[in-house]
There are 2 protein chains.
Amino acid sequence: MASFPKPPTLNDDRRAVDIYRRAAVILRERGFDATSMGDIADAVDLTKGGLYYYIKGKQALLFAIMCFALEQVENQVLKPALEVDDAETRVARWVEGHTILMLDDPAPMMVLYNELEALKPEHRLRVDERLNVSTNTLRDAIEVLVAERSTLDVDIATGAIRTLVEGVANWSGGVRADHDAIVRQVTRMAMDALLGHTEAARAVA
Amino acid sequence: MASFPKPPTLNDDRRAVDIYRRAAVILRERGFDATSMGDIADAVDLTKGGLYYYIKGKQALLFAIMCFALEQVENQVLKPALEVDDAETRVARWVEGHTILMLDDPAPMMVLYNELEALKPEHRLRVDERLNVSTNTLRDAIEVLVAERSTLDVDIATGAIRTLVEGVANWSGGVRADHDAIVRQVTRMAMDALLGHTEAARAVA
DNA sequence: TGGTTTCGTCCGACCATTTGGTAGGTCACC
DNA sequence: GGTGACCTACCAAATGGTCGGACGAAACCA
């Protein structure tokens with residue numbers, strides 16, 4: 001597990017990381033603006049005053065959680081995807097890695113995707129920049145994949161795959177299947193969506 | 001276009017509907033909790049006091065917008081889908097109708113899907129109930145479709161199709177293609193995801 | 001060893017601002 | 001002169017954030 005950005009002065013930051021993690025959970029559940037610092041303090045068993053010993057402010061907390069999520073994306077999605085050159089397996093790895101992430105640690109990921117507009121403009125730019133690297137990696141791979149084996153529009157295909165994967169955490173809770181099965185089937189659906197050609201699918205097109 | 005629920009007393013409700021529509025736009029952009037009644041009043045060219053002539057409260061406004069969105073779903077997604085018996089065309093119609101809705105009038109739809117937890121419990125139950133009708137319609141059709149022509153888990157497939165469609169409004173803005181092309185291609189991708197069988201897709205499964 | 005200073009951790013009380021919502025009045029028009 | 005449509009001024013509550021200090025354990029010193 002990667003670490004959260006360090007609070008001001010703290011040699012042993014286990015408590016800080018724990019605070020960030022627990023804050024991510026409650027922020028994911030209630031949403032950033034609907035969650036008060038008092039709520040967060042309760043969730044981490046502190047008073048508001050005590051919480052501010054670890055946190056510089058509400059914005060900084062949100063930004064830190066998002067940076068943590070971005071780190072995970074870069075390490076567990078982008079890196080494995082870029083290790084292969086074949087466009088098809090690269091897309092598959094991107095989808096697979098992302099789905100695993102959404103299932104294993106959904107809270108920071110959902111905060112990242114759902115609370116972007118709650119960021120102050122400066123932070124927003126930084127986060128968007130790193131998010132675009134991930135999106136563009138997917139887009140580029142889909143572009144070569146689609147150019148030779150499909151008639152899909154690249155932007156449409158990219159958007160669809162992105163939201164397909166980002167939505168996993170919204171419904172995975174109500175599913176009996178285990179994580180492995182979800183990852184396999186989501187990945188298969190994504191690849192079929194990009195490359196599949198059934199007569200039925202053609203009929204509606 | 002269906003009408004918004006009527007405000008207290010109002011014989012000519014064009015202004016009221018306009019207020020609901022404009023409020024939906026700004027609520028979609030900034031999120032419910034991040035939008036103050038003052039912001040909404042500005043967006044509809046009123047003062048806060050004037051706004052309350054039409055609106056009973058912030059919660060009531062949110063609930064009204066969601067009811068409007070639900071009406072649209074029932075009329076433009078559920079009704080066409082239930083007109084056919086064949087499971088495959090029923091799923092296709094559900095996806096198609098939903099995608100059209102997300103493109104034609106995204107604001108109330110996004111408010112409906114993104115602000116559920118901002119509802120007071122009583123309203124929440126009512127909305128969830130109507131949403132479940134839509135989801136179950138999709139799920140039941142996918143169930144028979146998948147039982148005979150795929151090995152997908154019904155819940156996984158349903159969740160994936162739902163979030164695929166719900167996410168359209170998030171990326172459709174940055175796409176050059178026109179709405180018709182988006183609808184056709186999203187529908188095709190959805191059906192391919194459910195029924196497609198490419199060798200590549202099997203390889204990752 | 002016993003006292004005292006230091007330091008990291010955390011609390012309670014407080015503050016300025018913003019929030020959703022209300023009350024009373026104004027003004028045009030029938 | 002009554003009524004619908006709207007505004008100004010205001011309120012109580014909640015919010016993000018601050019500050020001085022309390023408490024305990026370690027470090028230091030005798």
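Quick note on labels: first sequence line is chain A, next is B, and so on, each numbered from 1. Keep in mind the model is a prediction, meaning the values are calculated, not measured.
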Among dG20(C), dG17(D), dT9(C), the one nearest any side-chain atom of M37(A) is dG17(D)

Nearest-angstrom distance from the residue atom NZ of K58(A) to P of dA14(D): 15 Å

Between C1' on dT8(D) and OH on Y52(B), what's the gap in Å once rounded to a whole number? 16 Å

By nearest-nucleotide position on DNA chain D, the 5'-leaning member of A34(A) and G49(A) is A34(A)

Once hydrogens and angles are ignored, does a donor-acceptor distance under 3.5 Å link the base of dG16(D) to the side chain of K48(A)? yes

Can you tell me how far CD1 of I182(B) sits from CZ of R184(B), rounded to the nearest 0.5 angstrom? 10.5 Å

Separation of dT15(D) C1' from I55(A) CD1 (nearest whole Å): 17 Å

Most 5' of G50(A) and T35(A) on DNA chain D, judged by nearest nucleotide: T35(A)

Distance check needed: dT17(C) C1' versus D33(A) CG, whole Å only. 16 Å

What is the distance, rounded to the nearest whole Å, between atom CZ of R14(A) and atom P of dG8(C)? 17 Å

Test log, rule side chain to side chain donor-acceptor pair (under 3.5 Å), inputs R28(B) and T35(B): CA-CA 9 Å; R28(B) 178 255 177 109; T35(B) 310; over 6 Å; no

When rounded to the nearest 0.5 angstrom, what is the spacing between CG in L164(A) and OG1 in T187(A)? 9.0 Å

Does the cation-pi check pass for K120(A) over F63(A), that is, NZ or CZ under 6.0 Å from the six-membered ring centre and within 45° of its axis? no

Round to the nearest Å and state the distance from L61(B) atom CG to dG21(C) atom C1'. 14 Å

What's T47(B) touching, base or sugar-phosphate or nothing? Going by heavy atoms closer than 4.0 Å. base

Within the structure provided, determine whether Y113(B) and M109(B) are in side-chain contact (heavy-atom separation under 4.5 Å). yes

OP1 or OP2 of dT9(C) versus the side-chain N and O atoms of Y53(A): is any pair under 4.0 Å? yes

Please report the distance, rounded to the nearest Å, between CG in L46(B) and P in dG21(C). 16 Å

Can you tell me how far P of dT22(C) sits from NZ of K56(B), to the nearest Å? 11 Å

Tell me whether the side-chain N/O atoms of R15(B) come closer than 4.0 Å to OP1 or OP2 in dG4(D). no

